[in-house]
Amino acid sequence: RMISQISHGVSEHCNNAILQCAISTKEKLEKEEGRWVNKYLDVAEQTYQDMTPQECTAWLEKTKSLPAYLTAQAVSRYRNVQELVEGRLHHARVDGVLSMYDRLSDVEKLEFKQRLELR
């Protein structure tokens, strides 16, 4: 009987220790996720319209491998921001080509158009 009581007490302490460890780990991972979301998602959501092609490419490269501790909600939000950044990169590239085109002479523009038709 006494061994049973001791065993029960030890089990209860072990369970409490495991629970506290799990809670502590969960809190740590939530903090890490918060930092990551702030660093990559919050900033990109606010600035993607002004990002240069180089900044878009750097952001996409840095966020290519998502941390395992991100929740499904954070991953979903990332996918939305990723689309915004990729869209900005696309538009910036097209704007860059159009800007270069505008700087061509009339002869160069004609040659450019001819080359496009051959593709």
Side-chain angles (χ1 to χ4, degrees):
R1 168 133 178 137
M2 187 128 153
I3 293 176
S4 174
Q5 288 174 337
I6 292 171
S7 179
H8 177 70
V10 169
S11 290
E12 191 174 323
H13 287 298
C14 287
N15 287 340
N16 285 338
I18 292 169
L19 179 62
Q20 290 306 313
C21 183
I23 289 170
S24 175
T25 301
K26 182 179 184 260
E27 288 172 354
K28 187 187 292 186
L29 293 175
E30 287 171 346
K31 278 185 182 179
E32 286 297 317
E33 179 186 58
R35 281 193 278 267
W36 192 92
V37 164
N38 182 53
K39 182 176 181 178
Y40 293 108
L41 301 186
D42 292 344
V43 172
E45 282 175 330
Q46 296 170 11
T47 64
Y48 77 93
Q49 292 177 332
D50 299 321
M51 291 170 75
T52 65
Q54 295 82 4
E55 290 169 330
C56 291
T57 301
W59 185 91
L60 290 166
E61 186 62 32
K62 287 177 186 175
T63 62
K64 185 168 51 176
S65 296
L66 300 180
Y69 53 75
L70 294 182
T71 61
Q73 182 181 7
V75 172
S76 176
R77 186 171 165 206
Y78 165 76
R79 299 282 181 235
N80 291 334
V81 176
Q82 179 187 29
E83 285 183 28
L84 295 174
V85 173
E86 286 175 343
R88 172 63 184 146
L89 179 59
H90 166 77
H91 290 297
R93 286 179 181 165
V94 171
D95 288 345
V97 170
L98 289 174
S99 174
M100 289 188 293
Y101 177 81
D102 289 341
R103 288 180 276 175
L104 295 176
S105 69
D106 289 341
V107 172
E108 291 169 327
K109 286 179 182 177
L110 181 60
E111 182 180 340
F112 177 77
K113 288 176 185 178
Q114 289 171 344
R115 286 188 184 187
L116 277 180
E117 289 175 5
L118 293 175
R119 290 181 166 241

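The first residue in the sequence is number 1, and the count goes up from there.
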Membership question, hydrophobic clusters at under 4.5 Å side-chain separation (ILVMFWY): are Val94 and Phe112 in the same one? no
Closer than 3.5 angstrom, by distance alone: can the side chain of Glu108 be matched with the main-chain N or O of Ser105 as a donor-acceptor pair? yes
Does a side-chain N-to-carboxylate-O contact under 4.0 Å join Lys26 and Glu30? yes
Run Glu86 and Tyr48 through side-chain contact (heavy atoms from CB on, under 4.5 Å) and show every step you take. CA-CA 9 Å; Glu86 286 175 343; Tyr48 77 93; over 6 Å; no
Which heavy atom of Trp59 sits nearest a heavy atom of Tyr78, and at what distance? CH2-CE1, 3.5 Å
Kindly determine whether Gln82 and Thr63 satisfy side-chain contact (heavy atoms from CB on, under 4.5 Å), including the steps that lead there. CA-CA 9 Å; Gln82 179 187 29; Thr63 62; over 6 Å; no
SB check Arg77 Asp42 (cutoff 4.0 Å): yes
Please check if the side chain of Arg88 supplies one atom and the backbone of Met51 the other of a donor-acceptor pair under 3.5 Å. yes
Cation-pi check for Tyr101 against Lys109: NZ or CZ below 6.0 Å from the six-membered ring centre and within 45 degrees of the axis, yes or no? yes
N-O pairing of Arg115 and Glu111 below 4.0 Å: yes
To the nearest 0.5 angstrom, please state how far the CD1 atom of Ile18 sits from the OG atom of Ser11. 9.5 Å
Applying side-chain contact (heavy atoms from CB on, under 4.5 Å), run through Trp36 and Leu66 and close with a yes or a no. CA-CA 10 Å; Trp36 192 92; Leu66 300 180; 3.7 Å; yes
Non-hydrogen atoms of Ala74 and Val37 that approach each other most closely: CB-CG2, 4.3 Å
For the CG atom on Asp106, are there more than 12 heavy atoms of other groups (residues, nucleotides or ligands in this structure) within a distance under 6.0 Å? no
To the nearest 0.5 Å, what is the distance between CZ (Arg103) and OG (Ser99)? 4.0 Å
Mind checking the CG-CG spacing from Asn15 to Leu19? Nearest 0.5 Å is all I need. 8.5 Å
How long is the gap from CG on Leu89 to OG1 on Thr57, to the nearest 0.5 Å? 4.5 Å
How long is the straight-line distance from CD of Gln49 back to NE2 of His91, given to the nearest 0.5 Å? 10.5 Å
Go through the steps to decide whether Thr71 and Glu33 satisfy the test side-chain hydrogen bond (donor to acceptor under 3.5 Å, both in side chains), and finish with yes or no. CA-CA 8 Å; Thr71 61; Glu33 179 186 58; 2.9 Å; yes
Hey, any chance Val75 and Leu60 share a hydrophobic cluster, counting ILVMFWY side chains that come within less than 4.5 Å of each other, even indirectly? yes
Rounded to the nearest 0.5 Å, what separates atom OG in Ser76 from atom CZ in Arg79? 9.0 Å
Keeping the roles fixed (side chain from Glu55, backbone from Thr52), state whether a donor-acceptor pair exists under 3.5 Å. yes
Backbone N/O of Cys21 and side chain of Thr25: donor-acceptor pair under 3.5 Å: yes
How far apart are the closest heavy atoms of Asn38 and Val43, and which atoms are they? O-CG2, 3.4 Å
